[in-house]
Amino acid sequence: MTSALPRHPRFVSLEGGEGAGKTTAINAIQTCLQRHGHEVLLTREPGGTPLAERIRALVLTPDAEIAAEPLSAEAELLLVFAARAQHVRQVILPALQRGAYVISDRFTDSSYAYQGGGRGLDVTWIAELERRAVGLLPGLTLLLDVDIAVGRARASGRDAGPDRIEAERDDFFGRVRAAFQQRAAADPQRFALIDAGQPQPQVAADVVACVERWLAQGAVA
Ligand SMILES: Nc1ncnc2c1ncn2[C@@H]1O[C@H](COP(=O)(O)OP(=O)(O)OP(=O)(O)O)[C@@H](O)[C@H]1O
Ligand SMILES: [Mg+2]
């Protein structure tokens, strides 16, 4: 499904599974945009505002550490959209309106992939939340695609322990990856697919080349 929501020409999102290299790649994009003289705001999801970061903690902290009950898939979906509604209004729209570029480490595509693909929630419900609570799309989305075992190994080398999502099983991450790939294939105008299994300098070079092309043409394709 390709949304008809407006695509903002200064809004870039990075998407992909655990350990794909999103957070690592973001600095290369920032440097590229700054070289062109642009103001750049880096942000992330879930989170990006003080309130939304508190929601992030609810979503990512292992269940047993917060309360003696599991977080339901439906509550997880509504929490990530509550955080996103706040993030869009408090941070993303004001920055775009003053002329800055915004780079978000994850955005709504992650909800389609994790809560839709991973948890199996109804995609039409997600699209309705996107339309009502978010109301815009990035102009460019870089999907960092990597084998799930490779991503897992990278993420586990970095963290003290897995968060609530990272603790999911391989079949969950397989569905997440497939959902991301399907979204990218359905909307090649917005998405650039990056082979994130390559060495980090090559991933950075590919990401920067996409951003340069997007800046030059106003589109990925
Ligand atoms: N292309 C690469 N090759 C090898 N290692 C990489 C590569 N890109 C990133 N890494 C390393 O893998 C780890 C995970 O990278 P990073 O934190 O950027 O992933 P992420 O996509 O942001 O993960 P998460 O979804 O968990 O936030 C880091 O230790 C990083 O240094
Ligand atoms: Mg990250």
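These numbers come from a predicted model, not from an experiment. Indexing begins at 1, ligand by ligand and atom by atom, following the structure's order.
Residue Arg89 qualifies as enclosed at atom CZ: its count of foreign heavy atoms under 6.0 Å is above 12.
For ligand 1, the atoms lying closer than 4.0 Å to a non-hydrogen atom of Glu166 are 26 (O). Every atom of ligand 1 is numbered from 1 in the order shown, and the set under 4.0 Å from a heavy atom of Arg106 is 25 (O).
Counting heavy atoms closer than 4.0 Å to ligand 1, residue Arg44 contributes nothing at all. Residue contacts with ligand 1 for Val203 involve side-chain atoms from C-beta outward but no N, CA, C or O (heavy atoms, distance under 4.0 Å). Residue contacts with ligand 1, taken as heavy atom pairs separated by less than 4.0 Å, involve Pro199 solely via the backbone atoms N, CA, C and O.
Taking the six-membered ring for Trp and the full ring otherwise, the centers of Tyr112 and Phe180 sit at least 6.0 Å from each other.
In this structure, Gly17 has a heavy atom closer than 4.0 Å to ligand 1. Residue contact annotation: Ala20 has a non-hydrogen atom under 4.0 Å from ligand 1. Between Gln202 and ligand 1 there is no heavy-atom distance shorter than 4.0 Å.
Separation of atoms CG (Asp163) and CD (Glu166) is listed at 4.0 Å; rounding is to 0.5 Å. Remark: His36 NE2 to Leu33 CG distance equals 7.0 Å, nearest 0.5 Å. How far CD of Glu212 is from CD1 of Ile29: 11.5 Å, rounded to the nearest 0.5 Å. Residue Leu142 holds its CG atom at 10.0 Å from CG of Leu193, rounded to the nearest 0.5 Å.
Taking the centre and axis of the six-membered ring of Phe81, the NZ or CZ atom of Arg84 falls inside the cone set by 45° and 6.0 Å. Geometrically, Arg152 does not engage Phe173 in a cation-pi contact, judged by NZ or CZ lying under 6.0 Å from the ring centre and within 45° of the ring axis.
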**Request:** Start with the C-alpha distance between Gln30 and His38, add both sets of side-chain angles, then the distance that settles side chain to side chain contact (heavy atoms under 4.5 Å, CB included), and finish with yes or no.
**Result:** CA-CA 9 Å; Gln30 180 182 32; His38 300 305; over 6 Å; no
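One option in Thr24, Ile165, Asp163 has a heavy atom closer to atom 18 (O) of ligand 1 than any other, and that option is Thr24. Considering only non-hydrogen atoms, atom 7 (C) of ligand 1 lies nearest to Arg154 out of Glu15, Gln198, Arg154. Compare Asp105, Thr23, Ile26, Leu14 by their heavy atoms: the one nearest to atom 22 (O) of ligand 1 is in Thr23.
Between Ala155 and ligand 1, no N or O atom pair is found at a separation short of 3.5 Å.
Within the protein, the N, O or S atoms sitting under 2.8 Å from the Mg ion (ligand 2) are Thr23 OG1.
Of the residues listed (Phe191, Trp214, Phe11), the one engaging Leu140 in a side chain to side chain contact (heavy atoms under 4.5 Å, CB included) is Trp214, and it is the only one.
For Arg190 and Glu15, the salt-bridge test fails: no basic side-chain N is under 4.0 Å from an acidic carboxylate O.
Side-chain contact between Arg98 and Leu41 is present, with heavy atoms from C-beta onward closer than 4.5 Å.
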